[in-house]
Amino acid sequence: MILKLNDKYLKKFISEHEYECIAPMVTVADKMLREKSGLGNSFLGWMDLPENYDKKEFERIKIAAKRIQADCDAFIVIGIGGSYLGTRAIVDFLNSVERQGNGKYPEIYYAGCNISAASLNDLLYICENKNVCINVISKSGTTTEPAVAFRILRAFLEKKYGVEEANKRIYVTTDKARGTLKSFATQQGYETFVIPDDVGGRFSVLTAVGLLPVAVAGIDIDALMQGANDARIAYSSADLNKNDAYKYAAMRNILYRKGKSVELLVGYEPFVGTLQEWWKQLFGESEGKDGKGIFPASVIFSTDLHSLGQYIQEGERILFETVLSVNDTKSMYTIPYDEANIDGLNFLAGRDINELKQIAMRATQLAHIDGGVPNIHIELEERSAYCLGYLIYFFELACAMSGYLLGVNPFDQPGVEAYKKNMFAMLSKPGYEELRKALEERNI
């Protein structure tokens, strides 16, 4: 199977009758998703996206990617949250597999995802002697972090190439017809791509938001979309015995009701790290509301076993782990024999490091289970664009189901706006005068 949900490590934590009890709720939630009758139903475009995506724009993305590859050796993605996390997850996950040959594709850099003069200055220094193109991704164009980065990097390009040439090197992914950024892009003549109205930011990686920079990185976006579409077909049943995405959501909900309020997504490869960051936004922003929600966290083992392993093993029993393993990483290395054997490890000589990793994973899972930490295990067949597209859709569908089972709207993020409003007021943005006065009175 492309993706296997293994529940053998949950036997002592979840009983069969608990799945039977939650199954009717899954059926109701599935109907709301399929019929678009539940909370946030205007943002369900991602569900059929792998089949119904805009084929003309898809081809235009591939053409633009080839042009960018020819024009530059540094491609800067400007965005924050869902406007860059999915892209970075895919590029980092597939980097050494898909991008064969050093220098064949542009290096991908990221800006507008923090407020750091040091980071921006470092990026500008790196780009001084490189040919540069940028892709600014924003629905409105007024989100502070990417807007500031775009202002600075646009000036950098215009100084480096002149306005006319710079305009050819700027690509914009934004609203189809509205917003400040769309208007400015039309005025300047930038090539633009669309963020669909019915797809929220954290579900947008399989739109132009992610597809353009991923294609620039030399990754097969046809395979990525095919994997997602095959997952869409595979997870079309409401039956927990036939739909592993829904079963994963059910497992999470059952464990949450038992006081397991923190989920650790565990990876055993460094290339999983930014995928974990995307996953954290997907679930954290979708579920964390109304005083409810599982807190999403992540670790890379065995690295983090030497820092967090003690807490996981013997700390508060509020954790459960979802282990994501990749069966074929497309990489091997045999441990050599050492005549001196100063480390006493010649008993490992001739064995592949991947075998060592698999044994470490099983040993850790058994230790944590014995320590009272439930373990869910997701196995991905291989490190490929197809399998990653499959996994992305699995997580998106599971997240939507999990939100509905929790009784929240998984497609809004009202809490995110609070800090933005406060920041606008403190920066004296027009229209926020009353809030600024109120904050000043609080002496903050």
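Quick caveat: nothing in here was measured; it's all calculated off a predicted structure.
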V216 vs V77, side chain to side chain contact (heavy atoms under 4.5 Å, CB included): CA-CA, chis, key distance, verdict: CA-CA 11 Å; V216 171; V77 178; over 6 Å; no

Step through the shown structure and confirm whether more than 12 heavy atoms of other residues, nucleotides or ligands are within 6.0 Å of CD on E59. yes

I80 versus C113, closest heavy-atom pair with distance: CG1-CA, 3.8 Å

Name the orientation class of the two ring planes belonging to H368 and F301 (parallel below 30°, tilted from 30 to 60°, perpendicular beyond 60°). perpendicular

Should F75 and Y105 be marked as a ring pair (Phe, Tyr, Trp, His ring centres under 6.0 Å) after you check the CA-CA gap, both sets of side-chain angles, and the distance that decides it? CA-CA 10 Å; F75 185 61; Y105 303 108; over 10 Å; no

Side chain N346, main chain D338, donor-acceptor under 3.5 Å: yes

State the CG-NZ distance between N354 and K330, to the nearest 0.5 angstrom. 12.0 Å

Are any non-hydrogen side-chain atoms of E381 and Y390 less than 4.5 angstrom apart? no

As an exercise, state the distance from CG of D7 to NZ of K247, rounded to the nearest 0.5 Å. 4.0 Å

Look only at the side chain of E379 and the backbone of S325, and say whether a donor-acceptor pair between them is shorter than 3.5 Å. no

Heavy-atom side-chain proximity of F271 to V326 below 4.5 angstrom: yes

Do R88 and Y84 form a cation-pi contact, if we require the NZ or CZ to be under 6.0 Å from the six-membered ring centre and within 45 degrees of the ring's axis? no

Within 45 degrees of the ring normal and closer than 6.0 Å to the centroid, is that where the cationic atom of R252 sits relative to Y256? no

Y125, OH atom: more than 12 neighbouring heavy atoms under 6.0 Å: no

Check Y235, Y246, W279 against F394 for a ring pair (Phe, Tyr, Trp, His ring centres under 6.0 Å) and give me the one that passes. Y235

More than 12 heavy atoms of other residues, nucleotides or ligands under 6.0 Å from CG of N129: is that the case? no

Note, Q358 side chain near D352 side chain (heavy atom, < 4.5 Å): no

List the steps and the verdict of side chain to side chain contact (heavy atoms under 4.5 Å, CB included) for V28 and K31. CA-CA 5 Å; V28 171; K31 185 176 181 181; 5.8 Å; no

Please examine the side chains of K289 and D412, heavy atoms only from C-beta on, and report whether any two atoms are closer than 4.5 Å. yes

Min side-chain heavy-atom separation K258-E18 under 4.5 Å: yes

Does some side-chain heavy atom of F320 sit less than 4.5 Å from a side-chain heavy atom of L10? no

Heavy-atom pair of closest approach, residues K130 and A74: CD-CB, 3.8 Å

For the atom pair CE (M1) and CG (N327), what is the distance rounded to the nearest 0.5 Å? 12.0 Å

Can a donor-acceptor pair be found, under 3.5 Å and without considering hydrogens, that links the side chain of K36 to the backbone of S42? no

Between P213 and A208, which heavy-atom pair has the shortest distance, and what is it? CD-O, 4.0 Å

Are the side chain of S286 and the backbone of F283 linked by a donor-acceptor contact shorter than 3.5 Å? no

Could you grab the distance from atom CE of M251 to atom CG of D244, nearest 0.5 Å is fine? 7.5 Å

Does a donor on one side chain and an acceptor on the other come within less than 3.5 Å for Y19 and N241? no

Is it the case that N229 and E51 place a side-chain donor and acceptor less than 3.5 Å from each other? no

Would a distance-only check, ignoring hydrogens and angles, find a side-chain to backbone donor-acceptor pair under 3.5 Å from R351 to I335? no

Can a donor-acceptor pair be found, under 3.5 Å and without considering hydrogens, that links the side chain of T207 to the backbone of V209? yes

Ion pair K139/D197, N-O distance below 4.0 Å: yes

Is it true that, when you exclude R151 itself, more than 12 heavy atoms of the residues, nucleotides or ligands shown sit nearer than 6.0 Å to its CZ? no

Ring-plane angle category for W46 and F411, please: parallel below 30°, perpendicular beyond 60°, tilted otherwise. tilted

Side chain to side chain, E191 and R67, heavy atoms closer than 4.5 Å: yes

With Q310 as partner, the option from Q313, E314, H306 fulfilling side chain to side chain donor-acceptor pair (under 3.5 Å) is E314

In sequence, state the C-alpha distance, the side-chain angles, and the governing distance for D92 and L275, and then conclude on side chain to side chain contact (heavy atoms under 4.5 Å, CB included). CA-CA 8 Å; D92 288 357; L275 179 68; over 6 Å; no

Are side-chain heavy atoms of Q276 and I300 found at a separation under 4.5 Å? yes

Please answer whether the main-chain N or O of V194 pairs with a side-chain N or O of T173 as donor and acceptor at a distance below 3.5 Å. no

Which atom pair, heavy atoms only, marks the closest approach of T174 to S138? OG1-O, 2.7 Å

Hey, is the main chain of V132 close enough, under 3.5 Å, to the side chain of K160 for a donor-acceptor pair? no

To the nearest 0.5 Å, tell me how far L380 CG sits from L391 CG. 5.5 Å

So is K55 actually on top of Y53's ring, under 6.0 Å and inside 45° of the axis? yes

Working for side chain to side chain contact (heavy atoms under 4.5 Å, CB included), residues V26 and Y404: CA-CA 9 Å; V26 170; Y404 278 173; over 6 Å; no

Within this structure, what is the OH-CG distance for the pair Y110 and N135, rounded to the nearest 0.5 Å? 11.0 Å

If you count the non-hydrogen atoms of other residues, nucleotides and ligands that lie under 6.0 Å from CD1 in I233, is the total more than 12? yes

Check: G82 main-chain N/O paired with Q281 side-chain donor or acceptor under 3.5 Å: yes

Quick check against the 3.5 Å criterion: does N375 have a side-chain atom that pairs as donor or acceptor with the backbone of V373? yes

Nearest heavy-atom approach of R202 to E396 is O-OE2, 4.5 Å

Which pair of non-hydrogen atoms, one from A349 and one from P336, has the smallest distance, and what is that distance? CB-O, 3.8 Å

Checking side-chain polar atoms at under 3.5 Å, does D222 have a donor or acceptor matched by the opposite partner on Q226? no

